[in-house]
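Taking it in order: structure first as structure tokens, then the write-up.
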Amino acid sequence: MKRGARLFAVLFALLLPAVAQAEARPQLRPFVGGSLEQIQAERAGKPFVLALWSATCTHCPAELKALGQLLKRTPGLEVVLVATDTPAESPQLTRLAAEYGLGRQAQWVFADEQPERLRFQIDRRWYGELPRTYLYDGQHRREAYSGLIPAAQLERWLAANVK
Amino acid sequence: MVRMNRLLGISAIAATLAWAGAVAAHDSGSHAPAANSMAKMWQERQEQAPRLAVAAAFDEQGRLWLARVVGRHLQVSYSDDAGGSFSTPVTVNPVAELISADGEARPRIAVAGGRVHLSWTQALPQPFAGHVRHAQSSDGGKSFSPPETVNDDRQPITHRFNSMLADADGVTLAWIDKRDGHSRKDYRGAAIYTARRGNGEASFSNRKLADHSCECCRLAMAADERGRTLVFWRHIFGKNTRDFALAEIGAPLAGEPLRASDDGWQIDACPHHGGDLAVDGRGGRHLAWFTGAAASPGLHYRRIDGERMTPPRAFGDLDRQPGHPALAAAGDEVWLVWREFDGERNRIVGQHSLDRGDHWSPAAEIASDPGAVDDPLLLRGRGATWLLWNRAGSGLQIRKLTP
């Protein structure tokens, strides 16, 4: 209890300067139980791409760069990044996302001692392979895809859902 | 009381994180401070808490050896009562280094010929980069030789997912190595490299076992009935079919290695999901693995006798994230365990066969835990098969499995 309280105090002190400054810019948020619902609620009625990735996944850079490219020519597209690493990797994750051209998209990172709990909440038939991408339509019906999404599939979804 | 404190600590951290998230969502400062403080907190926790991925093995006298990573050090202890109590841990690497110890990337321990061998992957700052390390004790674990890097290619690239097998005459390591494909865009995946060092020899000579392995799944090693070393890994067949391969170290390999699973999982992704291998008393090779192939997703088991392969048998509950299987075989008895998560608890589910895998007992829960847990390990020792399972909340569980 003492240790937890101390941690809390330390973190609070560290975060104070951040609260004081101001600039509207996407932040890396901790993805915990209920975060998926929050992500969906913040985009009610809107299509979006939920992209699960990791700094340790060798195929993720290609996937994220492709999404970054797509964003450049499709301003209406919205991508939500969820990294399955831990908050310890936060600086690296935000740097990589910016490199891939996704620096202004919503970013989250798994923040649970039990990643399986978060995986289970996202999709109980997702077994952890990365990249894992969900294409949400306006009604939030979603298509799941493991591995690099074929460009044609992404284009089809874009044409049907994003103006 | 200790446990209660721990739970409170975890919920305090969760609350803090939720709060940090709320701040992050609304505040407007340069995002670096929030991200960095969150990172710092997790790093500190990682440095302090023992990491979940452990390694363990019984020696021929029935002593149970355990290796775990605490902070940036690998520590070894032993138990003479099958896990009831452990000796004071001895640090293997005197100089601190970042050691991979989660899920598929884990330290290994092997005890044979009067030596205690340790191997691990030193994580480098470059992405996907690591060095395979080895140290050994010749005085019963009182002291260890200075750690050595086993891979003779020293570029800061992938040399990771170390696996190890020791016998009375020496030690053999196998790992995933990117040296051949590092600067070649057309090279598929990575390669499996191996190194053998006989007792008393000075260095590890590296040899390539196969080109085009998948990049991020643990390897399994086992000695067969004639003492030959087998390696089982996720391979890339064709353009991007990530099924499993089985090969013998030292045997000439013409073309592709033996295709041990034929799931047809075509994917450009990192499954982070290797398999396991055990050899029974008659030389039968028992394999367990995971595939995400649409036609047959999940865990599968098969046995290979010479040229004959049994059809793959699916196991595990697909709605409970079945994964990370372990196998053990002795005589005609075979044990198979894996993990599942039901939304609340992690479960170790297992079954056994008394006829080399032809017939199996119903799958049954062997253990469960509400917290963060390691993958299950199966050990052979003291004339029995043992489940060893590390849990963040309640520590190491060691259970003798009886049919």
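Below, chain A is the first sequence line, B the second, and so on; all start at residue 1. This structure is a prediction, so every number in the text was calculated from the model and none was measured.
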**OP:** Examine B/Y187 together with B/H182 and report whether their ring centres are nearer than 6.0 Å.
**Re:** no
**OP:** Tell me whether the centres of the aromatic rings in B/F244 and B/W233 are closer together than 6.0 Å.
**Re:** no
Original post:
Which residues, numbered in order, of residues 124-133 of chain A come under 4.5 angstrom of chain B by heavy-atom distance?
Top reply: A/R124, A/R125, A/W126, A/Y127, A/G128, A/E129, A/L130, A/P131
Which bit of [X] comes within less than 4.5 Å of chain A, counting heavy atoms only: side chain, backbone, both or neither?
| X | result |
| --- | --- |
| B/N240 | neither |
| B/F341 | both |
| B/I267 | side chain |
| B/E344 | both |

Ionic contact status for [Y] with [X], cut-off 4.0 Å:
| X | Y | answer |
| --- | --- | --- |
| A/R73 | A/E155 | yes |
| B/E215 | B/R188 | no |
| A/E37 | A/R43 | no |

**OP:** Assess whether side chain to side chain contact (heavy atoms under 4.5 Å, CB included) is satisfied between A/L36 and A/L50, documenting all intermediate values.
**Re:** CA-CA 10 Å; A/L36 181 64; A/L50 182 71; 3.8 Å; yes
Original post:
Which heavy atom of B/S296 sits nearest a heavy atom of B/T291, and at what distance?
Top reply: O-CG2, 3.2 Å
Subject >> Cation over ring face, B/R218 and B/F161, 6.0 Å, 45° >> reply: no
